[in-house]
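A quick write-up on the structure given underneath.
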2 protein chains.
Amino acid sequence: MSRERAYHHGDLRAALVTASFELLAEVGLRRFSVAAVARKLGVSSAAPYRHFPDRAHLLSAVSGTAARDLRSAILAAAEEAGPVAADRLAAVAGAYFRYVVSTGAGLHVIYAAELYTVPDEGRREHTRALMDTVLELAAATDVPSYQQGVALVESIIAVAHGYTSLFAEGFFHRGSSTVDAVAGRAVAAAQALIRAESEPART
Amino acid sequence: MSRERAYHHGDLRAALVTASFELLAEVGLRRFSVAAVARKLGVSSAAPYRHFPDRAHLLSAVSGTAARDLRSAILAAAEEAGPVAADRLAAVAGAYFRYVVSTGAGLHVIYAAELYTVPDEGRREHTRALMDTVLELAAATDVPSYQQGVALVESIIAVAHGYTSLFAEGFFHRGSSTVDAVAGRAVAAAQALIRAESEPART
DNA sequence: GTCTATACCGGGATAGAC
DNA sequence: GTCTATCCCGGTATAGAC
């Protein structure tokens with residue numbers, strides 16, 4: 001960095017959240033640190049603590065923002081998928097995959113265990129809204145009961161998260177798969193799960 | 001610790017690998033450290049470095065052992081599942097889930113990015129054998145081509161890994177799901193993926 | 001082969017100046 | 001509101017004694 005150290009003039013709190021997303025996308029949650037976020041913005045390592053009491057509260061703000069933005073991305077993908085409920089629900093897997101690949105902020109961040117004790121109502125509302133949205137997309141299919149809708153959503157989230165994790169871990173890089181290609185396979189897997197739910201299992 | 005500090009009499013190398021599994025199961029890869037493994041065994045923090053040049057080589061040994069044991073668990077589960085190829089393949093998801101829940105050593109450990117540069121032939125043979133075994137289980141189903149077999153295996157691994165990650169992250173604890181229950185749902189999801197592969201998609 | 005002790009690094013968090 | 005400076009902690013890894 002050749003930039004001179006100077007006061008950050010502007011909304012440092014928002015800038016910290018934005019920079020946190022960039023850092024997560026670059027190095028992942030494992031190597032995320034408040035100090036690195038501060039370095040990224042060219043502010044001192046103490047500055048973030050004026051806006052967040054500790055690391056967990058910064059991550060909580062990131063989690064809430066991620067839940068909100070991910071919900072938007074899912075709604076947009078559902079619209080794009082057309083009128084068929086199964087297609088709209090399957091689109092969740094693709095939207096999730098793309099969002100997490102580009103931001104690094106997946107469910108392991110949004111629902112990180114270290115956040116359970118952080119009483120951030122904003123975050124909790126956004127995460128609730130996110131889950132409600134996905135459950136509504138599932139309810140719009142011909143799934144017979146609420147319980148089965150929950151189980152279906154669970155499996156779709158699992159497969160989307162699985163593809164995302166494997167991709168982040170470098171599992172697909174040897175096969176040189178593109179983001180688009182893997183996103184497509186995640187959607188196809190979700191379609192398969194939805195289809196199986198609506199058809200009798202052969203014994 | 002009331003235990004006296006004393007020499008570790010025995011195979012410390014093997015003990016380090018075993019203790020590493022215990023630590024992974026307790027705190028996960030995120031908080032895994034060589035120092036903690038040494039503490040667990042009551043040896044000095046320097047002792048591990050007599051047997052492994054660095055942290056990555058210790059993890060590489062863990063990775064190889066995990067790949068070998070996981071392959072055994074998968075073969076056993078396939079046997080238990082009976083003669084139907086689809087059931088045998090679906091059993092992979094359950095075996096994977098149970099193995100990772102009890103050991104903490106899943107694909108994120110076995111194929112950890114930090115191991116790519118560690119030239120450990122033992123590990124590489126075990127990981128190859130693991131993948132080969134799963135691909136063979138897929139080939140035994142009526143999957144039409146090798147490529148589709150790879151894609152099917154990929155989706156099964158993704159869903160199994162997804163359930164495992166979500167479980168480890170505490171996603172299911174609010175619903176107080178047991179390990180057995182979630183393992184069953186992972187197998188059911190794998191069955192759905194296999195079934196979809198062998199049936200024409202409705203457009 | 002394991003010990004003690006230590007150098008080094010980096011992150012979390014706080015104190016006090018401006 | 002941000003700075004500099006500092007403390008504490010814990011992990012990685014090495015040196016040298018036993």
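- Note: B:Tyr116 and B:Tyr111 fail the aromatic proximity criterion, with ring centroids not under 6.0 Å apart.
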Filtered N/O pairs between nucleotides 14-16 of chain C and protein, under 3.5 Å:
none

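- Distance, B:Phe52 CZ to D:dT14 P: 15 Å, rounded to whole Å.
- Under the 30°/60° scheme for interplanar angles, the aromatic rings of A:His108 and A:His161 are found to be tilted.
- Closest heavy-atom contact between A:Thr127 and A:Ser63: CG2-OG, 4.4 Å.
- As rounded to whole Å, 13 Å separates atom C1' of C:dC3 from atom NE2 of B:His51.
- Across the protein-nucleic acid pair, B:Leu16 atom CG and D:dA13 atom C1' stand 15 Å apart, rounded to whole Å.
- Residue pairs meeting the ring-ring contact (aromatic ring centres under 6.0 Å, His included) criterion with at least one member in residues 23-69 of chain B, sequence neighbours excluded, do not occur.
- Summarising the geometry of A:Ser60 relative to A:Arg123, their closest heavy-atom pair is OG-NH1, 2.9 Å, with the distance given to 0.1 Å.
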Give me the distances for all protein-to-nucleotides 9-11 of chain C N/O pairs that come in under 3.5 Å?
{"residue": "C:dG11", "atom": "OP1", "partner": "A:Arg39", "partner atom": "NH2", "Å": "3.4"}
{"residue": "C:dG11", "atom": "OP2", "partner": "A:Arg39", "partner atom": "NH1", "Å": "3.1"}
{"residue": "C:dG11", "atom": "OP2", "partner": "A:Arg39", "partner atom": "NH2", "Å": "3.4"}

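- The stretch residues 20-30 of chain B does not touch DNA chain C, since none of its heavy atoms comes less than 4.0 Å from the strand.
- Between the CG atom of B:Leu58 and the C1' atom of D:dA13 there is a distance of 14 Å, rounded to whole Å.
- With B:Ser72 contributing its side chain and B:Arg68 its backbone, the two residues share a donor-acceptor pair below 3.5 Å.
- Residue A:Glu80 qualifies as open at atom CD: its count of foreign heavy atoms under 6.0 Å is 12 or below.
- Listed by first and then second residue, the salt bridge (charged side-chain N to carboxylate O under 4.0 Å, His left out) pairs involving residues 151-164 of chain A are A:Glu154-B:Arg185 (not counting sequence neighbours).
- Not counting sequence neighbours, the partners of A:Arg88 by the side chain to side chain donor-acceptor pair (under 3.5 Å) test are A:Glu79.
- Although no hydrogens or angles enter the test, the distance criterion places no donor-acceptor pair under 3.5 Å between the side chain of B:Arg71 and the main chain of B:Met131.
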